Protein chains: 2
Amino acid sequence: MKRTSRDIRTANRYEVLRQIIAESPTSRQELAAATGLSLATVATLVGELLDLGMITEVGFEDSAGGRPRGLVAVNASGGALIGVDIAETYVHVELFDLALNVLARADEDMRPGESRPEQVVGHVAAAVGSVVAQAGVEAARVLGVGVSVPGQVDRDTGVAEYAPNWDWHDVPLLDLLAEHIAYPLYLDNPLRACAVAELWFGAARGRGDAVVVNLGTGVGAGLVLGGGLHRGVSNSAGEWGHTTLVLDGRLCHCGNHGCVETYVGAPGIMQNLRELSPRSPLLHPEDQTATIDALARAVAAEDPVALKAVRDTARYLGAGIADLVNLLNPEVVVLSSWVAARLGEPLLGEVRQAVARHALRRPLAATEIVLSPIPTDPVSLGAATFALEGALQSVGQRAVKRTQARSRTAPPS
Amino acid sequence: MKRTSRDIRTANRYEVLRQIIAESPTSRQELAAATGLSLATVATLVGELLDLGMITEVGFEDSAGGRPRGLVAVNASGGALIGVDIAETYVHVELFDLALNVLARADEDMRPGESRPEQVVGHVAAAVGSVVAQAGVEAARVLGVGVSVPGQVDRDTGVAEYAPNWDWHDVPLLDLLAEHIAYPLYLDNPLRACAVAELWFGAARGRGDAVVVNLGTGVGAGLVLGGGLHRGVSNSAGEWGHTTLVLDGRLCHCGNHGCVETYVGAPGIMQNLRELSPRSPLLHPEDQTATIDALARAVAAEDPVALKAVRDTARYLGAGIADLVNLLNPEVVVLSSWVAARLGEPLLGEVRQAVARHALRRPLAATEIVLSPIPTDPVSLGAATFALEGALQSVGQRAVKRTQARSRTAPPS
DNA sequence: AGGGGTTAGGAAAGGGGCTGGAGAAAGTCC
DNA sequence: GGACTTTCTCCAGCCCCTTTCCTAACCCCT
């Protein structure tokens with residue numbers, strides 16, 4: 001709530017690092033141009049990041065008659081970040097270097113019924129241990145672990161206030177995890193993880209206002225407003241899946257009827273397909289992933305039923321997204337998560353048309369609708385980004401002293 | 001987009017003045033406590049406002065053994081603000097003193113067909129001239145004129161990009177007005193005017209995230225996010241009236257079916273009533289205001305048809321608001337504009353129940369739903385507030401020099 | 001090989017902001 | 001009148017960002 005001049009610094013630090021990660025190697029000049037900051041400010045921020053070991057100087061640009069520009073790049077091996085994606089049936093963990101390359105993965109399946117917090121924590125601890133061992137990084141170089149857990153989360157206290165899958169209430173998840181994991185921990189939910197991933201590395205980079213529509217088993221919308229994540233007063237903003245799309249429509253597990261989720265979530269898409277063709281061979285009743293995969297393949301083969309199913313889904317989705325466009329007037333709407341990744345361009349095209357039919361002209365003209373450009377799992381990437389943000393947050397004064405030390409020691413060769 | 005330390009200053013200046021207006025007279029100590037700023041900062045900001053003549057020192061608090069606190073209050077006569085509410089059939093103008101009391105009003109009716117920009121500008125100029133004359137304020141003391149015009153507006157260039165009532169496209173309204181009005185002009189739309197009015201003087205004061213639901217002939221939602229107005233990338237955020245509430249529902253003039261507006265805007269409410277009782281004596285087919293007034297009176301008299309009509313309206317409205325609560329997780333939802341003012345508590349009660357049925361528990365628990373506490377026309381008040389913000393924006397360096405002058409001249413008696 | 005032109009980047013100065021503390025100011029109480 | 005208390009102003013200190021100046025580092029040309 002209260003803004004101080006330090007927040008400006010932190011935001012600029014984020015901005016510079018984002019830019020370096022996006023375009024490595026790069027020069028101070030380019031960074032200044034890209035961020036709009038002065039050269040002097042960029043230079044001090046770059047100095048801080050050099051001191052932290054997050055970036056390194058990697059040589060010089062060829063000059064055409066002048067002092068050559070020094071180039072900096074992400075120091076990939078300068079640290080490791082871990083992203084944990086806890087879902088209903090699995091725990092997926094990835095370890096990233098600072099260039100956000102995946103160095104190691106680990107998965108733990110959870111059987112139905114394995115829903116006690118201690119059990120979940122056990123799986124997470126095992127997977128985290130596994131990725132650290134696989135990647136062979138020293139413990140000291142792990143900058144933090146971001147954890148995404150479905151439902152409502154109090155990120156300050158680290159309490160999972162409510163997780164619908166397992167009917168958790170006020171589980172002190174971060175404290176439980178801290179007993180097994182010695183690295184700094186950051187907790188939030190998958191919606192916001194995806195949004196942050198897009199904000200740092202995806203289609204929302206550099207945009208003031210963006211909506212990240214999450215299409216998975218559940219559905220939600222991560223909101224980027226004013227250049228930062230919008231959390232709402234109790235950190236539960238973005239619950240878009242239970243917006244009423246069809247009055248008295250399909251029954252949703254939330255108890256209402258006609259929620260967006262029941263039409264465009266993976267089970268909803270299966271239902272759309274089933275209503276078109278009850279015995280479609282594409283349907284794998286117990287396996288959402290297999291069904292969506294089959295649907296994607298059938299669309300590629302121009303199967304008419306599959307095309308119609310995607311079009312129907314896009315109609316619902318487009319109507320919902322149009323409402324978001326009208327309400328929030330974002331620069332970009334990003335379709336993210338596994339369903340969007342698999343259905344890809346065919347879905348996107350239909351959605352664009354459907355949105356165009358429903359949205360008002362002016363907001364529509366200002367809004368781009370795109371697929372997430374993030375190739376890996378956005379949830380674990382976003383979770384890792386929370387850890388990265390955490391590591392950058394508290395850079396504070398110490399760095400200044402060390403800047404002096406640096407400039408004394410190693411003049412460029 | 002780009003934040004600088006000056007923005008902090010401006011925000012703090014707003015905050016201090018807001019607090020003084022809300023609670024006049026007050027002391028520097030109280031202001032510091034209320035705003036969270038240090039005493040020193042409050043003192044300099046109060047000094048600035050004293051120099052501007054917007055507030056005055058009005059005496060001292062009784063002390064119980066110490067230096068008594070100096071009290072400051074709004075200097076009501078220190079300036080005048082004009083708010084212009086342009087609507088489809090009328091222009092309503094109010095002149096406020098700095099305590100935001102209405103000193104003068106003027107209305108101009110516009111006949112259907114009188115829709116050329118020059119005609120509207122003529123009415124505005126006449127009404128503005130009238131209020132200035134009525135109130136008898138000197139021209140120099142008018143700090144600015146805020147103008148609210150329906151539709152999409154580019155507030156920087158002062159162009160009314162699109163006004164649906166009159167099918168205006170890219171009308172340079174501010175330039176046209178400037179030919180007749182010599183005061184500083186500020187342009188925006190009624191949605192945001194209402195939101196700003198709530199933010200400064202109403203139920204959104206001091207709240208980080210609020211939604212101001214505007215119930216008039218049209219329907220919209222002013223969004224206060226992160227303590228400030230959310231405008232979206234092309235200043236058209238808040239277009240909530242054309243959110244689809246009922247798939248394939250009532251035809252809306254926007255061309256879609258089932259928009260929120262067709263159920264909870266004044267014409268929509270009339271339709272709700274008509275569907276209940278086609279020959280209801282409450283219906284005044286050509287007069288929205290009269291119908292809503294009659295409905296309000298009938299509700300007060302516990303007329304069962306009227307009660308049912310309000311309940312039906314609240315069902316629709318509640319479903320829509322619940323979606324907003326889920327999506328944005330605001331601290332408060334404010335029901336504003338003339339329909340909300342007239343239907344009042346009965347509507348509010350039904351809406352609360354309807355929202356509770358649709359919204360998710362956690363966001364719901366964090367959200368309060370209230371009627372706007374603003375007794376006058378919120379649109380002209382909000383428009384005047386734009387002028388007030390404008391006057392405070394550019395306080396800059398000059399004030400510092402004058403601070404020295406002040407401290408030399410007038411020591412408190 | 002050495003100078004001139006050109007560009008990069010560091011250091012210092014400057015401007016804006018907020019805060020904490022010292023000390024003057026203005027009361028009450030004894 | 002003096003002791004005590006509280007307010008309020010002013011200044012030093014710190015954090016930010018930017019502008020400006022100057023040196024460093026390179027190219028090219030002679």
Side-chain angles (χ1 to χ4, degrees), chain A residues 2-13 15-16 26-33 35-48 50 57 59-72 395-401 403-404 406-413, chain B residues 2-16 26-33 35-48 50-51 57 59-72 394-401 403-404 406-408 410-413:
Chain A
K2 194 112 206 328
R3 264 177 283 283
T4 129
S5 68
R6 263 190 132 107
D7 297 337
I8 298 176
R9 182 70 150 193
T10 303
N12 288 342
R13 198 169 11 240
E15 202 53 43
V16 167
T26 186
S27 64
R28 292 171 180 79
Q29 313 284 327
E30 278 173 354
L31 289 170
T35 57
L37 294 168
S38 75
L39 226 61
T41 304
V42 168
T44 59
L45 287 171
V46 165
E48 276 180 26
L50 283 169
E57 286 174 298
F60 299 88
E61 242 180 16
D62 283 350
S63 125
R67 177 173 173 173
R69 298 180 172 179
L71 294 174
V72 293
V395 174
Q397 290 126 294
R398 283 264 307 286
V400 176
K401 289 182 197 157
T403 300
Q404 297 168 353
R406 181 180 60 88
S407 55
R408 272 203 306 274
T409 51
S413 64
Chain B
K2 195 112 209 330
R3 266 177 282 281
T4 130
S5 69
R6 261 186 132 109
D7 298 337
I8 298 176
R9 183 67 152 192
T10 303
N12 288 342
R13 197 171 10 239
Y14 286 0
E15 201 53 43
V16 167
T26 186
S27 64
R28 292 171 179 78
Q29 313 284 327
E30 278 173 354
L31 288 170
T35 59
L37 295 168
S38 74
L39 220 62
T41 304
V42 169
T44 59
L45 287 170
V46 166
E48 276 179 26
L50 283 169
D51 287 332
E57 288 174 297
F60 299 89
E61 242 179 15
D62 284 350
S63 121
R67 176 174 174 172
R69 298 178 172 180
L71 294 173
V72 293
S394 51
V395 174
Q397 290 127 294
R398 284 264 306 287
V400 177
K401 288 182 197 159
T403 300
Q404 297 168 353
R406 180 179 62 88
S407 55
R408 272 203 306 275
S413 64

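Just so it is clear: chains get the letters A, B, ... in the order the sequence lines come, proteins before strands, and each one is counted from 1. Since the structure is predicted, the reported quantities are computational estimates derived from the model, not experimental observations.
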[X] side chain: which of [options] is closest?
| X | options | answer |
| --- | --- | --- |
| A:Ile8 | D:dT18, C:dC18, D:dC16 | D:dC16 |
| B:Leu37 | C:dT19, D:dT18, C:dG17 | C:dT19 |
| B:Arg28 | C:dG10, D:dC16, D:dT9 | D:dT9 |

Atom pair [atom1]/[atom2] of [X] and [Y] - distance to nearest 0.5 Å:
| X | Y | atom1 | atom2 | result |
| --- | --- | --- | --- | --- |
| B:Leu37 | B:Glu15 | CG | CD | 8.0 Å |
| B:Arg28 | B:Thr44 | CZ | OG1 | 10.5 Å |
| B:Leu45 | B:Asn12 | CG | CG | 6.0 Å |
| A:Arg13 | A:Thr35 | CZ | OG1 | 14.0 Å |

_Student check: side-chain heavy atoms of A:Glu30 and A:Glu61 closer than 4.5 Å_ = yes

Looking at [N], I'd like to know if its phosphate oxygens (OP1 or OP2) sit under 4.0 Å from a side-chain N or O belonging to [X].
| X | N | answer |
| --- | --- | --- |
| B:Ser38 | C:dT19 | yes |
| B:Asn12 | C:dC18 | yes |
| A:Ser5 | C:dG17 | no |

Take atom [atom1] of [X] and atom [atom2] of [N], then tell me their distance rounded to the nearest Å.
| X | N | atom1 | atom2 | answer |
| --- | --- | --- | --- | --- |
| B:Arg6 | C:dG17 | CZ | P | 6 Å |
| B:Asp62 | D:dT7 | CG | C1' | 15 Å |
| B:Tyr14 | C:dG17 | OH | P | 14 Å |
| A:Leu71 | C:dG9 | CG | P | 9 Å |
| B:Leu50 | D:dC8 | CG | P | 12 Å |
| B:Leu45 | D:dC10 | CG | P | 15 Å |
| A:Asp7 | C:dC18 | CG | P | 13 Å |
| B:Glu48 | C:dG16 | CD | C1' | 11 Å |

If every non-hydrogen atom of [X] is compared with every non-hydrogen atom of [Y], which pair is closest and at what distance?
| X | Y | value |
| --- | --- | --- |
| B:Leu39 | B:Ala32 | CD1-CB, 3.5 Å |
| A:Gly70 | A:Phe60 | CA-CD2, 3.6 Å |
| A:Thr41 | A:Arg9 | CG2-NH1, 4.5 Å |

*Verify, without hydrogens or angle tests, whether A:Asp7 (side chain) and A:Thr4 (backbone) share a donor-acceptor contact under 3.5 angstrom.*
yes

*Quantified as the angle between the terminal helix axes (five pairs each), what is the overall bend of the helix from C:dA1-D:dT30 to C:dC30-D:dG1 to 10 degrees?*
30°

Collect all protein-nucleotide pairs involving nucleotides 3-7 of chain C in which both atoms are nitrogen or oxygen and the distance is under 3.5 Å.
residue	atom	partner	partner atom	Å
C:dT6	O4'	A:Gly65	O	3.4
C:dT7	O2	A:Arg67	N	3.0

